[in-house]
2 protein chains.
Amino acid sequence: MTNYLPHPATEDIELPAVLTALGDETRLAMIAILARNSEKAMACGQFLQLGSKTALSYHVAKLREAGIVHVRPDGTKRLLTLRRDDLEKRFPGILDSVVASAAVVSHPDDQDWAATTESTGDE
Amino acid sequence: MTNYLPHPATEDIELPAVLTALGDETRLAMIAILARNSEKAMACGQFLQLGSKTALSYHVAKLREAGIVHVRPDGTKRLLTLRRDDLEKRFPGILDSVVASAAVVSHPDDQDWAATTESTGDE
DNA sequence: TTCTTAGTTCAATGATTGTTGAACATTAGA
DNA sequence: TCTAATGTTCAACAATCATTGAACTAAGAA
């Protein structure tokens, strides 16, 4: 786990990048799950039903680079949080409306998460 | 101008397709212009500052297939309208929030359209 | 130290994207 | 009819995408 994990500053978050990042079924399912477990940090491993370790690593990077999630190392894990406030400041209403719609059109495997998943162990 | 111009039914509009379609700078600029000239049909030619004829034809097809615009033949032209109501029914709030944000982060060449462009000649 | 957990990096791969230019089709007008 | 205006289709192309498996790194536990 080499590097620095760069995140764009709020004012550098770009709309096309955000929309493109959200325009993928796997990533949309991820942010829907993150939004549901609002403000609770989740590790990448919690999303393994959505793809392989490698694929998830790729998608998490995409979401991070687009400014949609914050990623914080915690031991061997990576804890993810939605950048709700930053996105709301930069592009008001978008995240909420996307999440609301994504919840309806959710991923096949994306069901009752808070129940089926053990505690994240975050702060 | 050969074919039938298929549009998805409102209930068949898919969120990833919409977000992906909007996640392109050219297409984002197009819907920003369409939104600004609200409910006035615009021909593809009105967007030539954003790209070549061929490129626009491609982007219009993307927007149409995603369910974002309606395309109607009118003589040798194609008149575009935003599918505001359909999108609002299917994914409430998304189009408005995207358009509002896109207006701020607009395309370099996307300025005072209603002024610089002659009448569309629509119905 | 050794083993396990959790995630990253890399190269390869096939699919999709957005652009171009040339040729074509369709409609309208002279 | 001939011509202009407005888009479409096609093949080509470089670039990016999403996925895979193998190898690797780092942190924590035994």
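Proteins come first, then strands; the chains are lettered A, B, ... in the order of their sequence lines, and each starts at number 1. Just so it is clear, the model here is predicted, and its values are computed rather than measured.
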Could you state the atom-to-atom distance from [atom1] of [X] to [atom2] of [N] in whole Å?
| X | N | atom1 | atom2 | result |
| --- | --- | --- | --- | --- |
| A:Lys77 | C:dT8 | NZ | C1' | 17 Å |
| B:Leu22 | C:dT17 | CG | C1' | 16 Å |
| A:Phe47 | C:dG7 | CZ | P | 10 Å |
| B:Asp74 | D:dT6 | CG | P | 12 Å |
| A:Leu63 | C:dT8 | CG | P | 12 Å |
| B:Leu48 | C:dT20 | CG | P | 12 Å |
| B:Arg72 | D:dG7 | CZ | C1' | 16 Å |
| B:Tyr58 | D:dA11 | OH | P | 16 Å |

Selected nucleotide, minimal atom distance to [X] side chain, candidates [options]:
| X | options | value |
| --- | --- | --- |
| A:Thr54 | C:dT20, D:dT6, C:dC10 | C:dC10 |
| B:His59 | D:dT6, D:dT19, C:dT19 | C:dT19 |
| A:Lys53 | C:dT17, D:dT20, C:dT8 | C:dT8 |
| A:Lys62 | C:dG18, C:dA6, D:dA18 | D:dA18 |
| A:Ser57 | D:dA18, C:dT9, C:dA6 | C:dT9 |
| B:Arg78 | D:dG7, D:dC17, C:dG18 | D:dG7 |

**Item:** Test side-chain contact (heavy atoms from CB on, under 4.5 Å) applied to B:Thr20 and A:Leu22, step by step
**Value:** CA-CA 8 Å; B:Thr20 298; A:Leu22 294 177; over 6 Å; no
**Request:** Test A:Lys62 against A:Asp24 for salt bridge (Lys or Arg N to Asp or Glu O under 4.0 Å), laying out the working first.
**Result:** CA-CA 10 Å; A:Lys62 286 281 170 186; A:Asp24 172 271; over 6 Å; no
**Message:** So B:Thr10 and B:Leu87, do their side chains get closer than 4.5 Å, heavy atoms only?
**Reply:** no
**Message:** Is there a continuous path of hydrophobic side-chain contacts, each under 4.5 Å between heavy atoms, that joins A:Tyr58 to A:Ile31?
**Reply:** no
**Request:** State, without any angle test, whether A:Arg27 and A:His59 hold a side-chain donor-acceptor pair at a distance under 3.5 Å.
**Result:** yes
**Request:** May I ask you to evaluate whether A:Thr76 reaches the phosphate of D:dG28, defined as a side-chain N or O under 4.0 Å from OP1 or OP2?
**Result:** no
